[in-house]
2 protein chains.
Amino acid sequence: MTIGVAEGTRAASVKVARRLLETEGPEALTMRRIAGELGIQAPSLYKHFSDKRGLEAAVIAEGLREFGHAMNKSLASKAEPVRALARAYRTFGLQHPHLYRLMNDRELPRDLLPPGLEDSVALPIVMTFGDRSLARVAWALAHGLVSLELAGRFPADADLNGVWDEAVRVLQVARAG
Amino acid sequence: MTIGVAEGTRAASVKVARRLLETEGPEALTMRRIAGELGIQAPSLYKHFSDKRGLEAAVIAEGLREFGHAMNKSLASKAEPVRALARAYRTFGLQHPHLYRLMNDRELPRDLLPPGLEDSVALPIVMTFGDRSLARVAWALAHGLVSLELAGRFPADADLNGVWDEAVRVLQVARAG
DNA sequence: GTCTATAGTGGGATAGAC
DNA sequence: GTCTATCCCACTATAGAC
């Protein structure tokens with residue numbers, strides 16, 4: 001009944017779920033495991049989330065907020081914007097591989113996300129590139145690079161820093177042109 | 001004992017597995033379902049594949065061969081090479097969404113793939129762009145676009161043909177520069 | 001190369017008591 | 001808002017007979 005106070009079990013569940021996801025991967029994201037870490041039984045979680053999808057959506061929303069924040073923060077730096085965004089994007093993906101995949105590999109649970117969140121995350125890229133199509137090209141390029149890197153698709157001896165440098169160059173030229 | 005003859009159950013299993021994957025998605029790719037479609041019991045499959053991973057690898061290998069063939073074929077057309085490759089890449093991804101994801105979303109079972117297959121698939125892109133880093137940028141851009149499109153991440157009203165046109169332009173400029 | 005039987009493991013979710 | 005008990009489902013994989 002108290003207002004403005006921590007939500008208790010619900011918030012703790014999201015925190016635990018995220019930790020399990022990030023440290024052990026998506027297989028660890030089960031109702032039983034999450035409940036176990038909280039010291040409660042799995043059925044109790046259903047008092048706080050309608051189903052597993054609801055819990056996942058809460059984790060995704062938190063990830064999106066953090067990602068958006070990181071992207072915005074990068075634009076506040078003194079670095080050239082395209083390079084700054086690229087660096088922030090790659091850093092987030094590599095530091096949170098499982099979270100990144102949960103957020104990007106399948107359809108978003110849009111019906112369970114706060115309205116406007118998805119758009120607000122895209123804003124830094126859209127603002128930087130102006131043109132919508134070019135912004136989407138930039139987004140896809142960054143996502144493709146992170147996705148392939150996380151999937152181990154580049155040869156072990158590939159110079160990925162060099163590839164990202166090339167990507168930034170290509171986007172800078174397109175943005176200037 | 002016969003030589004040069006159809007492999008029978010093994011080949012049929014791969015065919016069925018691929019059909020199930022493509023028509024019903026990855027959840028349908030179970031030993032039980034595959035066996036059921038063949039009219040045999042699941043344990044019988046283990047006479048033909050050491051485990052599920054072996055069966056998946058066979059499906060992936062088939063997909064890689066087909067994809068590589070489509071990319072090579074596109075270069076033989078009269079179209080400008082970057083545009084031709086982009087069109088072939090997108091077409092394959094959209095026509096085989098589940099197969100595409102099985103091939104690209106996680107680490108390849110390299111120990112179970114024919115030697116050289118992975119490299120041969122990459123060859124058309126590498127040849128077209130010459131520079132290794134630029135080739136990887138092009139690959140990542142195409143993969144990112146297909147991946148985001150398959151995940152339903154672009155707005156419903158997004159002009160994806162326009163985005164691909166922009167991507168091709170950007171890569172053409174980089175290749176010429 | 002197929003079968004039956006089965007081991008072993010794991011999952012999401014509900015009912016109803018407290 | 002937690003518990004216990006339970007349902008029902010699914011999966012990979014092995015052993016051993018035929």
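Note that the structure is a prediction, hence the values are computed from the model and not measured.
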Are S13(A) and H48(A) linked by a side-chain donor-acceptor pair shorter than 3.5 Å?
no
Pair E66(B) + R18(B), salt bridge at N-O below 4.0 Å
yes
Is the closest basic N to carboxylate O distance between R175(A) and D131(A) below 4.0 Å?
no
Would you say T30(B) reaches dC11(D)'s phosphate, i.e. side-chain N/O to OP1/OP2 under 4.0 Å?
yes
Interatomic distance, K47(B) NZ vs dT14(D) P [rounded to whole Å]:
11 Å
Axis deviation across the helix from dG1(C)-dC18(D) to dC18(C)-dG1(D), five-pair ends, to the nearest 10°
0°
With a 4.0 Å cut-off on N to O distance, would you call R53(A) and D111(A) a salt bridge?
yes
Share the residues that join V173(B) in a hydrophobic cluster, the rule being Ile, Leu, Val, Met, Phe, Trp or Tyr side chains under 4.5 Å apart at the heavy-atom level.
V173(A)
Whole angstrom value for the distance that separates P of dT2(D) from CZ of R10(A):
13 Å
In whole angstrom, what separates R32(B)'s CZ from dT6(C)'s P?
14 Å
Q41(B) CD to dA15(D) C1', in whole Å, measures 16 Å
5'-most contact on DNA chain C: S44(B) or M31(A), nearest heavy atom basis?
S44(B)
Euclidean distance, atom OH of residue Y46(A) to atom P of dA15(C) [Å, nearest integer]
13 Å
Euclidean distance, atom CD1 of residue I34(A) to atom C1' of dA13(C) [Å, nearest integer]:
14 Å
From CG of D51(B) across to P of dT14(D) the rounded distance in Å is 8 Å
Closer to the 5' end of DNA chain D via nearest nucleotide, is it E27(B) or I40(A)?
I40(A)
Note: with side-chain heavy atoms under 4.5 Å as the link, the other cluster members for L112(B) come out as none
Proximal nucleotide (of dA13(D), dG1(C), dG1(D)) relative to the H48(A) side chain
dG1(D)
Looking at every strand, decide which applies to K52(A) at a 4.0 Å heavy-atom threshold: base, sugar-phosphate, or nothing.
sugar-phosphate
What is the distance, to the nearest angstrom, from the CG atom on L45(B) to the P atom on dG1(C)?
12 Å
How are the rings of H143(A) and H143(B) set relative to one another: parallel (under 30°), tilted (30 to 60°) or perpendicular (over 60°)?
parallel
